[in-house]
**Student:** 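Pasting a structure here, questions to come.
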There are 2 protein chains.
Amino acid sequence: MKATETIAALGALAHDTRLEAFRLLVQRGPDGLPAGVIADRLKVLPSSLTFHLQQLAHAGLVTQRRVGRQLFYAADFNAMNGLVAYLTENCCGGTASCAPACAPAETGKARKSDRRSA
Amino acid sequence: MKATETIAALGALAHDTRLEAFRLLVQRGPDGLPAGVIADRLKVLPSSLTFHLQQLAHAGLVTQRRVGRQLFYAADFNAMNGLVAYLTENCCGGTASCAPACAPAETGKARKSDRRSA
DNA sequence: AATTCATTTCGATATTTGGTGAAATGTCGT
DNA sequence: ACGACATTTCACCAAATATCGAAATGAATT
């Protein structure tokens with residue numbers, strides 16, 4: 001991931017509504033949610049939500065697909081992956097020093113028990 | 001780290017000059033750099049740099065300390081740590097699924113050979 | 001206390017961003 | 001083809017952000 005894309009992604013997430021929307025989509029998994037549901041949950045006007053979802057989409061963080069008359073949005077985990085990778089690699093002191101949230105390097109305790117698709 | 005702080009941090013990093021400045025400070029380590037040097041490296045006017053450094057400082061990503069007549073800025077690794085933690089925990093599918101940048105759990109291939117400064 | 005250096009503050013201005021509601025688009029069911 | 005529904009597009013406005021240069025502040029040197 002290049003710096004330009006990173007900036008786009010950071011900027012896209014740097015907003016209350018958008019961060020919330022993205023978190024919702026991440027929770028929901030690859031299936032995503034229709035715009036209406038998101039707008040409803042987040043209590044924002046549909047036109048406003050479209051604006052924010054487009055920001056996320058333009059930054060490559062979410063994808064869009066039509067299902068009937070609904071538009072489903074889903075988090076792009078690959079993009080998020082790239083963002084976190086960029087941050088840990090470039091903004092965390094070389095290669096390490098900011099990786100405590102994910103480091104399961106210790107031999108035992110692999111916590112892979114969150115397979116929920118909701 | 002709360003969502004509000006996260007948004008502040010994301011917004012602070014979501015800018016060309018600021019991301020570059022922060023990366024520079026991260027590279028430099030805890031000692032940091034005086035404002036003048038940063039402005040020089042980044043080719044921005046001092047007044048402009050102050051503005052951006054303040055954004056970073058306000059977001060808690062950098063700290064300031066005076067040394068003689070210079071003001072040294074340094075990256076706050078703890079804050080960055082918290083940011084990455086928040087993202088991996090809240091925006092990466094529960095607890096895992098976005099942690100390949102830091103997971104050296106696999107026995108072999110640890111690629112720590114990308115020391116490019118661009 | 002006057003000068004110089006490093007940095008910040010200030011004021012003006014251009015640009016971008018975010019929010020709103022009304023209209024337009026696309027899709028389905030009949 | 002028509003009407004209902006889901007979502008987007010548009011036009012407008014307010015507020016935040018970015019940039020610039022000039023002036024002000026703080027610290028060191030003489």
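In this text the structure is predicted, and so the values were computed from the model without any measurement. Numbers restart at 1 for each chain; the letters A, B, ... are given by sequence-line order, proteins then strands. When reading the values below, keep in mind they use all heavy atoms of this one structure, side chains included, and skip hydrogens, waters and symmetry mates.
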**Student:** For the pair made of CG in L53(B) and P in dT8(C), what is the distance, rounded to whole Å?
**Tutor:** 7 Å
**Student:** Rounded to whole angstrom units, what separation is found between the CG atom of L45(A) and the C1' atom of dA11(D)?
**Tutor:** 16 Å
**Student:** Would you say Q64(B) places a side-chain N or O within less than 4.0 Å of OP1 or OP2 belonging to dT7(C)?
**Tutor:** no
**Student:** For the side chain of P34(B), counting heavy atoms from C-beta on, which of dT7(C), dT20(C), dA18(D) is nearest?
**Tutor:** dT7(C)
**Student:** Name the closest nucleotide to the R69(A) side chain, picking from dT8(D), dC28(C), dA18(D).
**Tutor:** dC28(C)
**Student:** The side chain of T50(A) is closest to which nucleotide in this list: dT8(D), dT20(C), dT17(D)?
**Tutor:** dT8(D)
**Student:** Looking only at the side chain of S47(B) (C-beta and beyond, no hydrogens), which of the listed nucleotides dG26(C), dT7(D), dC20(D) gets closest?
**Tutor:** dC20(D)
**Student:** Which nucleotide in the list dT7(D), dG26(D), dG21(D) gets nearest to the side chain of R66(B)?
**Tutor:** dG26(D)
**Student:** Less than 4.0 angstrom between a side-chain N/O of Q54(B) and OP1 or OP2 of dT7(C), yes or no?
**Tutor:** no
**Student:** Give the nucleotide from the list dA6(D), dA6(C), dA18(D) with an atom nearest to the side chain of Q70(B).
**Tutor:** dA6(C)
**Student:** Roughly, in whole Å, what's the span from CG in D16(B) to P in dT17(D)?
**Tutor:** 18 Å
**Student:** Are the side chains of F22(A) and M80(A) in contact, using a 4.5 Å heavy-atom criterion?
**Tutor:** yes
**Student:** If the threshold is 4.0 Å, N to carboxylate O, is there a salt bridge linking R23(A) and E20(A)?
**Tutor:** no
**Student:** What's the closest nucleotide to the side chain of H52(A) if the choices are dT8(C), dA18(D), dG18(C)?
**Tutor:** dG18(C)
**Student:** In whole angstrom, what separates Y73(A)'s OH from dA6(D)'s P?
**Tutor:** 15 Å
**Student:** For A21(A) and L56(A), work out which heavy atoms get closest and say how close.
**Tutor:** CB-CD1, 4.5 Å
**Student:** What's the CZ-P distance between F72(B) and dA27(D), to the nearest Å?
**Tutor:** 15 Å
**Student:** Looking only at side-chain atoms of H15(B), point me to the closest of dT8(D), dA18(D), dC20(D).
**Tutor:** dA18(D)
